[in-house]
Enquirer: 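Below you will find the structure I want to go over with you.
The first residue in the sequence is number 1, and the count goes up from there.
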Amino acid sequence: MRLPRSAHEEQGWRISEIAPDFEVEDVWALPVHGGPDDFPKLLEVMTHLSSGDSPSRVSRALFGIRYKLGEWFGWDEDDKLPIPGDNATSLVSRLPADLRGTTDGFDSGSLPFDPLYRTDRESAAEISNKTVHAMMHLGWVDKGHGDNQGQMAVLVKPRGRFGKVYMDLIKPFRYLIVYPALMRQIERAWDKRNLQDSSS
């Protein structure tokens, strides 16, 4: 389920103090529920996802096209570009002392993101290319009565006019194809993980 930006902003996540200049582009309630201590399990599930395993052939094709365009035009060749409006190339330089080193030894798996920080209820990872500097934020939202739900937000800073045009062009594909397929993929992976836990 797609959520309003306020659903992310009202949680008081640490990312808001680290990246106040980034725009919250998308917020989604993940089809994932668990107990207060199950956030690490969500991170494990997310790091094992692959666009090549998407249940949607159209979504897989779109990712294939994006990767091919990136290869042709060199969009992904340099991941050390400065953050738009900043001299730093990574948000690591903005992390407060208590969040530094919290992802040491953490493998982001097949995700094309570099881990930034993690706590017991949220994590963030960043990606940089010639279109945007973006972050994927995962949170574990307390829904009450021992129920917690995963929440995902994407925060972006487009690179100039081209980056803004690029984000506008892909928006319909994200909402109609990519995200719905991703939600199904996450749900299947979560159910499989829970089934493994119950049988062990």
Enquirer: Write down the atom of Ala125, the atom of Pro115, and the distance for their closest heavy-atom approach.
Expert: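 Closest approach of Ala125 to Pro115: CB-CA, 4.0 Å.
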Enquirer: Parallel, tilted or perpendicular: which describes the rings of His8 and His137, with under 30° parallel and over 60° perpendicular?
Expert: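 Aromatic pair His8/His137 classed perpendicular.
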Enquirer: What closest approach, in Å, do Gly163 and Pro158 show between heavy atoms, and which atom pair accounts for it?
Expert: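 That would be C-CB, 3.6 Å.
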Enquirer: State, with a plain yes or no, whether a side-chain heavy atom of Tyr179 is found less than 4.5 Å away from one of Arg2.
Expert: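 With C-beta onward as the side chain, the pair stays apart.
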Enquirer: Count the heavy atoms of every other residue, nucleotide or ligand shown that sit under 6.0 Å from CG of Asn87, and state whether that count exceeds 12.
Expert: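 No, not enclosed.
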Enquirer: In terms of hydrophobic clusters joined by side-chain contacts under 4.5 Å, are Ile170 and Leu182 together?
Expert: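 As far as the 4.5 Å side-chain criterion goes, Leu182 and Ile170 are connected within one cluster.
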Enquirer: Does Arg118 reach the side chain of Pro40, with side-chain heavy atoms less than 4.5 Å apart?
Expert: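 Arg118 vs Pro40: side chains touch.
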Enquirer: If you measure from CZ on Arg159 to NZ on Lys164, what distance do you get to the nearest 0.5 Å?
Expert: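 Taking CZ in Arg159 and NZ in Lys164, the distance rounds to 13.5 Å.
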Enquirer: Drop me the distance from Ser123's OG to Leu42's CG, to the nearest 0.5 angstrom.
Expert: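 Reported to 0.5 Å precision, the distance equals 7.5 Å.
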Enquirer: Would you say Pro96 and Glu17 make side-chain contact, with heavy atoms under 4.5 Å?
Expert: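 In short, these two side chains touch, coming nearer than 4.5 Å.
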Enquirer: Kindly give the heavy-atom pair with the smallest separation between Gly35 and Asn148, and that separation in Å.
Expert: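 Closest heavy-atom pair between Gly35 and Asn148: C-ND2, 3.4 Å.
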Enquirer: Taking Arg14's backbone N and O only, do any of them form a donor-acceptor pair with Glu122's side chain (distance below 3.5 Å, no angle check)?
Expert: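 Here the side-chain-to-backbone pair exists.
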Enquirer: Looking at every non-hydrogen atom in both residues, tell me the closest pair between Pro84 and Lys157 and how far apart they are.
Expert: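 The answer is O-NZ, 2.5 Å.
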Enquirer: For the pair Asp86 and Arg94, find out whether any cationic side-chain nitrogen is under 4.0 Å from an anionic carboxylate oxygen.
Expert: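 Counted as a salt bridge, because a side-chain N and a carboxylate O are separated by less than 4.0 Å.
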Enquirer: With Pro31, which residues qualify under side chain to side chain contact (heavy atoms under 4.5 Å, CB included), at least two apart?
Expert: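 Side chain to side chain contact (heavy atoms under 4.5 Å, CB included) check on Pro31 returns Met183, Ile186, Glu187.
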Enquirer: Which distance, rounded to the nearest 0.5 Å, do you find between the CD of Glu126 and the CZ of Phe113?
Expert: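 If we round to the nearest 0.5 Å, Glu126:CD and Phe113:CZ are 10.0 Å apart.
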Enquirer: Please name the pair of heavy atoms, one in Val45 and one in Ala189, separated by the smallest distance, quoted to 0.1 Å.
Expert: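 Heavy-atom minimum between the residues: CG1-CB, 3.6 Å.
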Enquirer: Checking Arg193 now: which residues fulfil salt bridge (charged side-chain N to carboxylate O under 4.0 Å, His left out) with it, not counting sequence neighbours?
Expert: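 Glu44, Asp197.
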Enquirer: What's the separation between atom CZ in Phe39 and atom CZ in Arg121, rounded to the nearest 0.5 Å?
Expert: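 These two atoms lie 9.0 Å from each other.
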Enquirer: Mind checking the NZ-CG spacing from Lys171 to Asp168? Nearest 0.5 Å is all I need.
Expert: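 If we round to the nearest 0.5 Å, Lys171:NZ and Asp168:CG are 5.5 Å apart.
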Enquirer: Look at the side-chain heavy atoms of Ile, Leu, Val, Met, Phe, Trp and Tyr, link any pair under 4.5 Å apart, and say whether Phe173 and Leu176 land in one connected group.
Expert: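 Same cluster.
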Enquirer: Of all the heavy-atom pairs spanning Ala88 and Ser93, show the shortest one and how long it is.
Expert: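 Heavy atoms of Ala88 and Ser93 come nearest at CB-OG, 3.5 Å.
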Enquirer: Answer yes or no: is there a side-chain heavy-atom contact under 4.5 Å between Lys41 and Trp140?
Expert: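 No. Closest side-chain heavy atoms not under 4.5 Å.
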Enquirer: In the structure I gave you, are the side-chain heavy atoms of Asp98 and Thr119 within less than 4.5 Å of one another anywhere?
Expert: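 They are not in side-chain contact.
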Enquirer: With a cutoff of under 4.5 Å between side-chain heavy atoms, which Ile, Leu, Val, Met, Phe, Trp and Tyr residues group with Val141?
Expert: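 Members besides Val141, by chain and number: Met1, Leu3, Trp13, Ile15, Ile18, Phe22, Val24, Val27, Ile83, Leu91, Val92, Leu95, Leu99, Leu116, Tyr117, Met135, Leu155.
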Enquirer: Can you check whether Leu138 reaches Met152 side chain to side chain, under 4.5 Å on heavy atoms?
Expert: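 Answer yes - side chains close enough.
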